[in-house]
Each structure stands twice: as C-alpha cells, then as structure tokens.
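Below is one structure; the comments refer to it alone.
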Amino acid sequence: MFRLSPTPLNPADLAQALTDERAGACVTFEGWVRSRNDGQSVFALDYEAYPLLAEKEGARIVAEAREKFSVLAAHCVHRTGHLAIGELAVWLGVTAEHRGDAFEACRYLIDEAKARVPIWKKEHYAGGASVWINCATRGDHVHLPGQPA
Amino acid sequence: MFRLSPTPLNPADLAQALTDERAGACVTFEGWVRSRNDGQSVFALDYEAYPLLAEKEGARIVAEAREKFSVLAAHCVHRTGHLAIGELAVWLGVTAEHRGDAFEACRYLIDEAKARVPIWKKEHYAGGASVWINCATRGDHVHLPGQPA
Amino acid sequence: MKNLTIRYFAILREQRGLTEETLTTTAATPTALYDELQARHHFTLPADRVRAAVNDEFVAATASLRDGDRVVFIPPVAGG
Amino acid sequence: MKNLTIRYFAILREQRGLTEETLTTTAATPTALYDELQARHHFTLPADRVRAAVNDEFVAATASLRDGDRVVFIPPVAGG
C-alpha cells in the first residue's frame, strides 16, 4: 500500500494496520523534517506530488518489495503540503515472519521511493530563501539576506 | 539506552524519547510473538533475563552501535515475563541525520542483542508442551499429547 | 500539428507561473516539446534532468506524442 | 576449597529446581564447576554450550574461581 496524505501522519494509527499473528518482525522507517540540511538552517518545507503517478509508482515499488522479500505487509504513506521542523514526512511499516526480510524490504522501499516517486521538496530557510531540492543548476545559489548575491 | 521491562511496551510512548530536531531518519524494530515458530503452533511464551548482566551487555552493544554508526539516539527495551501472541517482545528505536546509519545501527543492535544478551525464551505450544529455545540437546523432543513420545 | 495539455509541478510550475495549459505544437517527442517550452519560458533545468510522463505514465524522452496527450515534465524528485 | 554462590536461570534453574545455592568446591574453573554440577544434577546442556559469568561479568571457561565468587552459567540465549 502506498498513499499520499495532505494531513499529519500518526505512526500509532498507521501501525495498527500491520497487526498480524504470523509476523515476528516489524520495521518502520520515519523521515523527519530536520532543522538543518547541507549546512543550512531549515525553517519549514513543502512537499508537492504528482498524485496519480506518485501513487502508481509507489504501488509498483511496494509490489517489487513483495516479490523480492518475504513480507506480510508493506505500507508507505508520504505527506504533501507544508511541514514544520520535526514533522513526519514519510512513514513506512513492514512486517515479516523474520527480521532480515523486514529490514531489507523497508530499506528497499525508502531508497526506491526517494529515487523514483514524483514528489518534490522545497526547503524554506531561516533567512527567507527557499530552494527546490535536487533542482539546482549551475549558477544557482541561495541568496541569504545580508550576504552579497 | 538498554533496559528490561516486566510490563507491556508501548511504542508510541517509547518513541517520544527519540524526538530530536537534528534527526532526519528514525528506524524502529519490533519483535512480536508469532503464532507459529518452526512449524509449531505457539500459545504464549516466557522471557527470563539475567538482569544485571543483560543490562551491562545491552549497554555495551548500544555503545558499539554509537561508535560504528553516526546516530543521535539508540534505545532498546526488552520484555521479560509472560507474553501472549502478538505482544511486543523487544522494541528498538534509532535516530540519525541520515537513513543509512539509522538502518544499519538498528540492524546491528538487534542482531547483537539476540546473540549476546542473557535473555532466554520458553515457548508454550498449543498442545501443552513447552521448550527453552536454542537449548535442545540430542535426544530432546517436544512431546505433543496424542503423539508417540 | 497536435493539441497537448501540459501540467506543471514544483519548480516548473513556479517558473511557468501556472499549473496547466493547452498548446498546439509540432513537437514530435517529449524532448522536442521540452526544448520548445524551455526556450519560451526560460526553465532552468536542462532537458537531461527532466523525465517525461504522458497520460500519467512515465515515457521515454523519444516517445511519440499524439494529439490529445496530457504531458508532464518531471523535475528531479526529492521525496522522503 | 572455596565457597561459591551459584545462581541459575532458565533451563538450568528448572533442572536444578532452585534459583540460587552456595556450595564448597575444589573446582578451579567455571568448566570444572559446571562438570561437577552437571554430574550431580543431570543438566542436559553440554559444557561447551554454556557460558560463564563471575560477579556479573562474562569470563572465560578457564578463568580462576576465587573464594566468595558469584557464578552464573548462561545457557544459549534467545532474546528478541
């Protein structure tokens, strides 16, 4: 299961759907909004998604993880919209009979999701500047007030 | 942090201690009591610990993980006592700036804890038999009622 | 000539100043269409950093565009 | 001769039928002590599957036991 959520994620609620008597292992990954990234002081950020294709590609990644690893459930929910420091940007939960599969499937899911799902992140910095992550091109810079451009 | 708990573990409560503005990744591992193990139908189990040495060895493993990986927090809590199917046997939570460290440290912690911490598990089967896991010796068997011994 | 619908997301949406437009073009492929749009709207991302989707599926940069296609150019993603 | 305290856990506790005892022995090492206890109490675990702790620290099977030591034999662990 892969879905987007415009509202805050609650890990305890999300984990309830993973309950399974056959499961011996549950691995979760949470991506949190950090106060610093690449040396810059982050104030907040926005996630924007291409919903239809994000959900299709997310579902494909979940299906791949299920083929590659012996898992019972694999859920991924990604936030969209405006997030403050410390907020949960993405939540993944994987259950399996054995822990090796749960760890490897969870890692696979987040690595592939970050690389392939059409979701974009705009970071807002303390000084007022903002940048679309991974979209810088030669000559771009973050112009911080008080510094020469 | 490593500790034993004779009372049920609540992941949401445990996770609160991990909050950290610098953290970009949080990986948790939960070990659940499975309804089947090695083809046997499990009814319940008991965990018994050697408390003083379990906490010392657990603390050493946490310190090793902190040396090997760049993590912000690494917490592990292991249940003792009688557990029913689906109950949480062990909870680990690791935060880091980056997800690679969080995944690898979490995996290291559970692998080493399982191999080294003096905690023992007795499984109770549906038929009434029970066995100390990993302690079978040649000639041992689980005697299920209705089967020849 | 074909009529296409273009949807914009993220940095391209901001640089274009709108989320969707329809246009009539001779561009035969996503790459040709991006080159046309980039020249007109001064998109900063070079073509080789943008993927294409047509009718809500990823396609090759050299895929054939058809009349009525809905096209999205996908900047480098950054989920997680 | 030395006086030792032995604590038992898990399968050894069940097979011994108690959690702690003190005894006087000539055993010089954990291995020698385990052999003595195994013969007396019919522990099923062979010596090579049991680790030793003295005064709440792991020790080698060949460590020297001293008067007053608190000894624990550790069956194969199974946490997690």
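No hydrogens, no waters, no symmetry mates; every other heavy atom, side chains included, goes into these values. Order of the sequence lines sets the chain letters (A, B, ...), proteins ahead of strands, with each chain counted from 1. Here the structure is a predicted model, which is why all the values come from computation and not from measurement.
- Ranked by heavy-atom pairs under 4.5 Å with chain A, the first of Ala15(B), Ala12(B), Ala23(B), Ala25(B) is Ala23(B).
- With a threshold of 4.5 angstrom between heavy atoms, Val90(A) does not approach chain B through any atom at all.
- Heavy-atom pairs under 4.5 Å with chain B peak, among Gly86(A), Cys106(A), Gly31(A), Ala102(A), at Cys106(A).
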Audit row: Arg99(B), Lys114(A), side chain to side chain contact (heavy atoms under 4.5 Å, CB included) steps and yes/no: CA-CA 11 Å; Arg99(B) 71 186 184 285; Lys114(A) 285 176 85 93; 3.3 Å; yes
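- Separation of atoms CZ (Phe103(A)) and CD (Glu104(B)) is listed at 11.0 Å; rounding is to 0.5 Å.
- Closest approach of Cys26(B) and Trp32(A) over heavy atoms only: CB-CZ2, 3.5 Å.
- Within 6.0 Å of CG on Asp13(B) lie more than 12 heavy atoms contributed by other residues, nucleotides or ligands.
- Between Arg107(A) and Val27(B) the shortest side-chain heavy-atom distance does not fall below 4.5 Å.
- With a 4.5 angstrom heavy-atom cutoff, Asn37(B) does not touch chain A via any of its atoms.
- For Asn10(A), no part lies under 4.5 angstrom from a heavy atom of chain B.
- When heavy atoms are compared at a cutoff of 4.5 Å, Val94(B) does not approach chain A at all.
- For Thr19(A), the part lying near chain B is the backbone, with the side chain staying farther off; criterion is any non-hydrogen pair under 4.5 Å.
- For the pair Arg34(B) and Glu97(A), the salt-bridge criterion is met [side-chain N within less than 4.0 Å of a carboxylate O].
- With chain B as partner, the option from Arg36(A), Arg22(A), Glu30(A) having the largest number of non-hydrogen pairs under 4.5 angstrom is Glu30(A).
- Annotation: side chain of Thr28(B) is not in contact with side chain of Phe29(A) (no heavy-atom distance under 4.5 Å).
- There is no contact between Leu72(A) and chain B, counting heavy-atom distances below 4.5 Å.
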